[in-house]
Amino acid sequence: MKGEGTCSKGVRRSCLSGLVGGIILTIVALYLYNSYRLRVPQRTETLSGMPSVRISKHLPDIIIIGAKKCGTKALITVLGRHPKIKAAKGEVHFFDRNYSKGLKWYLTRMPLGTDDQLVIEKTPSYFVTPKVPQRVSNFSKTVKLLLIVRDPVVRVISHFTQIDSKKAYKKLPRPKIERIIFNNKDGTVKLGSNAIEVSQYDVHFQQWLNVFPKEQIFVVDGDGFISNPLKEVVKVEQFLNIESFFKEDMFVFNKEKGFYCWREHEDQEEECLGDSKGRPHPNNISSDTTDKLKTFFQPHTKKFCSLANVNFSWCTP
Ligand code: A3P
């Protein structure tokens with residue numbers, strides 16, 4: 001006697017195709033179920049006299065992939081003020097540190113927004129983590145990527161300033177920058193130093209270009225974003241294909257902070273980033289040190305500017 005679910009020799013082929021069909025149907029059903037769950041509305045809000053607005057969480061349409069200490073926080077803070085954009089809080093670290101937790105976890109880290117709003121997150125370590133580009137590509141073929149970079153030598157100094165200020169806070173010994181970025185023995189640039197590695201933009205950018213077309217990654221001039229944020233953010237609006245929102249009077253230079261801060265209306269007090277952004281850099285770094293860094297980064301910079309097709313102030317020596 002044949003038990004249910006078994007096949008006789010004569011009908012094995014059709015039985016097998018039935019089985020394959022069943023598996024395909026199950027996969028499609030699971031996919032549709034997951035897509036539904038990942039956009040499931042959290043609540044519907046009705047403002048008095050206004051039609052009801054569906055508010056839900058959805059996975060990011062835009063990701064700021066880096067680079068660390070190049071203005072990633074300033075960029076997401078400004079973009080998050082655009083009515084069409086909702087920004088995730090903090091650094092999400094899904095594709096590098098929390099990937100095994102799955103998309104459901106990623107979704108919990110996203111902000112609530114209306115269906116026509118774009119969701120953005122930023123995690124600067126994505127730029128330099130080799131496995132991340134492929135993971136992002138598996139996640140979405142259409143996600144828009146933003147990369148903000150600044151002069152690689154200034155970035156190293158900013159990186160060092162952050163390390164130094166953390167040490168000062170913890171009352172730990174504070175080595176000079178040269179101890180961190182140059183080899184003790186022969187004074188050559190320390191390739192294993194994270195501060196050096198991150199500024200080798202071409203190496204990391206190439207990893208992203210292996211997976212994404214260049215048109216999908218917009219490279220923001222981080223130095224330009226400090227000196228003229230409006231000019232840079234307008235370019236980002238164009239890349240994202242969203243309506244123009246930012247105006248000159250929304251950016252106010254704050255003399256005390258030494259950076260631009262933001263406000264929506266003239267009668268509003270401007271909002272600046274906290275003290276950990278825009279720290280004064282040490283003024284005792286010798287020109288020997290900066291020259292050595294410049295020479296080291298020059299071939300990397302040249303390659304990066306050519307790959308990214310940009311002509312920032314530091315692209316040419
Ligand atoms: P410094 O603190 O070395 O000046 P990130 O957010 O990626 O860590 O980048 C920090 C850098 O953003 C700061 O480095 C600062 O130069 C830059 N930045 C750009 N616009 C800024 C702004 N409006 N306010 C403060 N920092 C800004």
Side-chain angles (χ1 to χ4, degrees), residues 62-82 87-93 96 120-129 132 145-169 174 177 180-181 194-199 201 204-205 218-236 246-264 268-285 289-290 293 312-314:
I62 313 159
I63 304 178
I64 299 178
I65 57 172
K68 181 181 163 119
K69 304 316 296 169
C70 289
T72 55
K73 175 74 179 173
L75 183 60
I76 199 167
T77 306
V78 171
L79 288 176
R81 289 175 164 245
H82 193 294
K89 286 199 174 77
E91 292 180 3
V92 179
H93 286 286
D96 56 348
I120 185 169
E121 73 119 323
K122 78 121 176 164
T123 305
S125 50
Y126 288 165
F127 181 51
V128 299
T129 309
V132 169
L145 305 172
L146 298 176
L147 169 68
I148 180 165
V149 284
R150 68 197 291 196
D151 181 327
V153 175
V154 181
R155 201 215 67 81
V156 169
I157 295 170
S158 171
H159 196 136
F160 165 76
T161 308
Q162 172 162 298
I163 295 172
D164 187 56
S165 85
K166 282 184 182 165
K167 291 215 155 103
Y169 180 75
R174 297 164 62 188
I177 187 168
I180 291 180
I181 59 169
N194 187 237
I196 297 294
E197 258 175 22
V198 177
S199 278
Y201 301 143
H204 315 296
F205 194 60
F218 186 73
V219 183
V220 181
D221 177 357
D223 302 284
F225 196 69
I226 291 175
S227 57
N228 188 348
L230 177 66
K231 192 172 158 203
E232 294 310 310
V233 83
V234 164
K235 291 183 208 163
V236 178
F246 296 105
K247 308 266 173 305
E248 201 168 343
D249 58 7
M250 294 177 178
F251 298 88
V252 183
F253 188 79
N254 184 304
K255 276 191 198 151
E256 208 180 313
K257 175 95 185 150
F259 285 88
Y260 276 91
C261 301
W262 309 275
R263 63 178 182 198
E264 230 147 273
Q268 258 177 2
E269 203 179 320
E270 75 247 28
E271 196 188 302
C272 303
L273 294 186
D275 289 345
S276 65
K277 304 293 172 183
R279 295 186 181 101
H281 292 176
N283 54 13
N284 59 352
I285 300 176
T289 294
T290 50
L293 286 174
F312 300 152
S313 58
W314 42 269

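First listed ligand is number 1; within each ligand, the first listed atom is number 1.
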Protein residue, atom and distance nearest to [atom], heavy-atom basis:
atom	result
atom 19 (C) of ligand 1	Ile226 CG1, 3.4 Å
atom 23 (N) of ligand 1	Tyr260 O, 2.9 Å
atom 4 (O) of ligand 1	Gly278 CA, 3.4 Å
atom 12 (O) of ligand 1	Gly71 CA, 3.3 Å
atom 20 (N) of ligand 1	Ala74 CB, 3.5 Å
atom 8 (O) of ligand 1	Lys277 NZ, 2.8 Å

**Asked** Which of the atoms of ligand 1 are close to His281, meaning less than 4.0 Å from one of its heavy atoms?
**Response** 1 (P), 3 (O), 4 (O)
**Prompt:** Which atoms from ligand 1 have a heavy atom of Arg279 less than 4.0 Å away?
**Reply:** 1 (P), 2 (O), 4 (O)
**Complete:** Short version for Cys261: what comes under 4.0 Å of ligand 1, heavy atoms counted, is neither
Kindly confirm or rule out an N or O of [X] lying under 3.5 angstrom from an N or O of ligand 1.
X	answer
Lys68	no
Lys122	no
Lys69	yes

**Request:** Quickly, which of Ile65, Val219, Leu75 forms a side chain to side chain contact (heavy atoms under 4.5 Å, CB included) with Ile148? Name it, please.
**Result:** Leu75
**Message:** Quick check on Gln162 - does any of its heavy atoms sit under 4.0 Å from an atom of ligand 1?
**Reply:** no
